2 protein chains.
Amino acid sequence: MKEKSLRSHEQWQGKIEVISRCAVNNNEDLAVAYTPGVAFPCLEIEKNKEDSYKYTRRGNLVGVITDGSAVLGLGNIGPLAAMPVMEGKCLLFKEFAGVDAFPLCIGDNDAETIVKTIKLIEGSFGAINLEDISAPRCFEIEERLNEICDIPVFHDDQHGTAIAVLAALLNAVKVAKKDSSIKIVVNGAGAAGIAISNLIYEAGFQNIVICDRYGIITVDNAANKYQKDCALKFNKDKKGDLNDALFGADVFIGVSVGNILTEDMVYSMNQNPIALFGADVFIGVSAGNILTEDMVSSMNQNPIVFALANPVPEIMPEAAKKANVKVMATGRSDYPNQINNLLVFPGILKGALKARINKITSEIQLAVARGISSCIDEKELSCENIIPSVFDKKIVELVSDIVCSFKK
Amino acid sequence: MKEKSLRSHEQWQGKIEVISRCAVNNNEDLAVAYTPGVAFPCLEIEKNKEDSYKYTRRGNLVGVITDGSAVLGLGNIGPLAAMPVMEGKCLLFKEFAGVDAFPLCIGDNDAETIVKTIKLIEGSFGAINLEDISAPRCFEIEERLNEICDIPVFHDDQHGTAIAVLAALLNAVKVAKKDSSIKIVVNGAGAAGIAISNLIYEAGFQNIVICDRYGIITVDNAANKYQKDCALKFNKDKKGDLNDALFGADVFIGVSVGNILTEDMVYSMNQNPIALFGADVFIGVSAGNILTEDMVSSMNQNPIVFALANPVPEIMPEAAKKANVKVMATGRSDYPNQINNLLVFPGILKGALKARINKITSEIQLAVARGISSCIDEKELSCENIIPSVFDKKIVELVSDIVCSFKK
């Protein structure tokens, strides 16, 4: 995989390209597309800012922006090293949704600086996709940008993952014949874990315990104010380790925080194609396989396990089966039920651009999750089919249409 | 022209587009272009920053960046309204040089803020083309960025124009049988006027008088430190108005500063295609036609006039002819000798990217000007043929090769 990836990337010389949409073959072409003709759309936009969507590429253009601080599970590898991932994300926007996306890396990890920089260039884009910015700064950055920007700012690592998880959860609950009162353990309290907990709570699943590597998060051991908010909202009067949390639980959702995978570990991976979207990605061996059969056995009957750490899930599907897991999902493409935010982000921002929606509210997120969930026909629903394939062509349009339905 | 331009821009929905350079049709494609395969180029770049040119689009990518403060002759119309021009510039980079270019507008006119913002995102690009930033901030911004950035930062309104003017001047002097001791009057002391004066001085033309709308610039009437430097360097012991400056001059180079053209004036323009690159563009009626036949008659024998204000030159070619001008050039495509920086910027940044040259020094600028000048064969050289057409396909490669020859 290493050799193939390096060779391919070298051949591509970039996974995206900027091309022209009009020819310039003579003075007349020049006069319309450039001076003096270009003065007219400029003057129209000066009079009415909305016209920037009419006369420039802005209406179909997403900025994919990172500071390189939480890239895959590789951690804070910096802005330059993050760019292959950002180009990859732009590639996916184009290939899956026809949306133009352009990658930018910001050479500073300071939240205030990142917010100011993005605000300064927001007029160049129709939407912003924040990518691979580490928690807890990612929460503050997204919140503040959504307060001050006129365009939607979407942190996919949070909400894309949360929406995909909720879509799968809604079907898993049907298959396992459970209801919204079930006890759900979320393991991982970074961008994905906190966003998942909040979104499934909004969807009516309010019996949640959220853990990190030190166990159940409490007001006292919370690492930041966002974890503290979670402790107060979900974990009141609860404490202990993951074993304690899982006792009698119906659902386990694992999205462990990355940055523990070494280079050697990456290089030791095999050639099986594995999609890593679902989790904070690349949890690494030490955090993979943390869910034992005994732990699963202590869960409620017909347990649901979403082991989204990648490439090594918190428990392998084979072991989960032995422990009588009823519904098993991973972030991997080589097992059934791949939970992948690629189901979400292309359609979300396609719709937001189309309908000029400037906030991806939790109402929109809930509706999208329900929409993706409903793509699996009741007749086709089974333990091994709770979520559509990322290559199901109808998903992007469906998600986009749902977002558009929120146009005021 | 207005209707055609607005209709075309609306149809184009952007003059540039971001496309993908590789397909994503199945899980294996995903695994190479995105996770987990993308981790390998990320890790290579983390180890060696130079590899960002190998594994991402950076090596062929220019950021075209403005604050919207001096857009064409329309003045400070703001970041959003500047975008059709920036997209146009990106279009020209692609169409003329095959270079990818992406436009960004910065929503602040503060020089310090612009410098910091561009520095923060420099890793996203292989070169920066500053565009339509008003003087004198443009000088400070370009200087500081070239000090602190690892990639070339080129302000085309200054140097692109200066290089094109010098290329034309070298041939005009031959045709008019003059030498480098000739007296040259530069009218306009903004980005273009100051850069032209400095570059032709470097080329050996050291008898220069630089004027602005108030006449010969002196230490006392200089509007900023850059004009003051010019007064000291070029205008020592000289004072008076443009009439005084022109007395006995051999060459007039007009690049009046824009921002005096009203919207009504733009709308009153006719349908003749006019290229505006040469000057600070759009000088407007009041500043056009400022050079009278009497003034030209007071010049030396066989005077050379580059009247680059657009769309109305400082003197129309017909009037110049009556006043016995020997060599006449404008920024317009409908007269002979169009001086247009489109001859310069695509090749300059193509070459800089190719050879990884991080400063476009004055040595490079002089060599490029001489190279463009030499494209007109001695046999073909005439009063009406001192500079190649922008559609001469060999120019971009020639300029690029010259820049590449400076690779260390």
Side-chain angles (χ1 to χ4, degrees), chain A residues 1-2 5-6 8-9 12 14-22 24 27-28 31-43 45-46 49 52 55-57 72 77 79-81 83-85 88 91 94-95 100 102 104-108 117 120-121 123-124 263 266 273-276 333, chain B residues 1-2 5-6 8-10 12 14-22 24 27-28 30-43 45-46 49 52 55-57 72 77 79-81 83-85 88 91 94-95 100 102 104-107 117 120-121 123-124 263 266 273-274 276 333:
Chain A
M1 172 61 85
K2 178 183 178 182
S5 174
L6 291 180
S8 296
H9 278 84
W12 290 325
K15 288 177 284 196
I16 54 159
E17 177 175 354
V18 185
I19 61 163
S20 50
R21 289 172 62 83
C22 47
V24 184
N27 282 316
E28 195 178 348
V32 176
Y34 205 59
T35 55
V38 71
F40 300 109
C42 292
L43 291 167
I45 296 170
E46 193 191 11
K49 287 183 178 174
S52 67
Y55 295 121
T56 74
R57 198 63 188 155
L72 307 177
I77 59 175
L80 287 181
M83 287 302 274
V85 177
L91 169 72
K94 191 68 179 194
E95 288 286 303
D100 291 24
F102 188 82
L104 288 177
C105 58
I106 297 178
D108 197 314
T117 303
L120 281 166
I121 57 174
S124 316
E263 193 177 330
V266 174
I274 299 163
L276 297 171
S333 61
Chain B
M1 173 62 81
K2 177 183 179 181
S5 174
L6 291 180
S8 296
H9 278 84
E10 193 170 350
W12 289 323
K15 286 176 285 196
I16 53 159
E17 177 173 354
V18 185
I19 61 163
S20 49
R21 288 171 66 82
C22 46
V24 184
N27 281 316
E28 197 179 346
L30 257 182
V32 177
Y34 205 59
T35 55
V38 71
F40 300 108
C42 292
L43 290 167
I45 296 169
E46 193 193 9
K49 287 184 178 175
S52 67
Y55 295 121
T56 74
R57 198 65 188 152
L72 306 179
I77 60 175
L80 286 181
M83 287 302 274
V85 177
L91 168 73
K94 191 69 180 191
E95 288 285 304
D100 291 24
F102 188 81
L104 288 177
C105 58
I106 296 177
T117 302
L120 280 167
I121 57 174
S124 316
E263 192 176 334
V266 175
I274 298 164
L276 298 170
S333 62

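Quick caveat: nothing in here was measured; it's all calculated off a predicted structure.
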Quick check against the 3.5 Å criterion: does Lys15(A) have a side-chain atom that pairs as donor or acceptor with the backbone of Ala33(B)? yes
Where Arg57(B) and Trp12(A) come nearest, the two heavy atoms and their spacing: NH1-O, 4.2 Å
Using the ring of each side chain (for Trp, its six-membered ring), is Phe102(B) parallel, tilted or perpendicular to Phe102(A), with breaks at 30° and 60°? parallel
Is there a donor-acceptor pair under 3.5 Å between the side chain of Glu95(A) and the backbone N or O of Val24(B)? yes
Who wins among Gly123(A), Gly107(A), Cys105(A), Gly88(A) for the most heavy-atom pairs under 4.5 Å with chain B? Cys105(A)
When Arg21(B), Glu10(B), His9(B) are compared by non-hydrogen pairs under 4.5 Å with chain A, the top option: Arg21(B)
Which pair of non-hydrogen atoms, one from Val38(B) and one from Val85(A), has the smallest distance, and what is that distance? CG2-N, 3.7 Å
Going by heavy atoms in the side chains, are Tyr55(B) and Leu80(A) under 4.5 Å from each other? no
Spatial distance of atom CD1 (Ile121(A)) from atom CD1 (Ile106(B)) [nearest 0.5 Å]: 8.0 Å
Contact part of Ser8(B) toward chain A, heavy-atom cut-off under 4.5 Å: side chain, backbone, both or neither? side chain
Side chain, backbone, both or neither of Lys94(B) within contact of chain A (heavy atoms, under 4.5 Å): side chain
Pick from Leu104(A), Leu120(A), Ile45(A): which one has the most heavy-atom pairs with chain B under 4.5 Å? Leu120(A)
Quick check: do Leu91(A) and Tyr34(B) have side-chain heavy atoms less than 4.5 Å from each other? no
Could you walk me through whether Ile19(B) and Ile16(A) pass the side chain to side chain contact (heavy atoms under 4.5 Å, CB included) check? CA-CA 6 Å; Ile19(B) 61 163; Ile16(A) 54 159; over 6 Å; no
Using heavy-atom distances under 4.5 Å, tell me whether Pro79(B) contacts chain A through its side chain, its backbone, both, or neither. neither
Within the distance-only criterion (no hydrogens, no angle test), does the side chain of Asp100(A) pair as donor or acceptor with the backbone N or O of Glu17(B) below 3.5 angstrom? no
If you tally heavy-atom pairs under 4.5 Å between each of Ser5(B), Ser20(B), Cys22(B) and chain A, the highest tally belongs to Cys22(B)
Find the one option among Gly37(A), Cys42(A), Ser52(A) whose heavy-atom pairs under 4.5 Å with chain B are most numerous. Cys42(A)
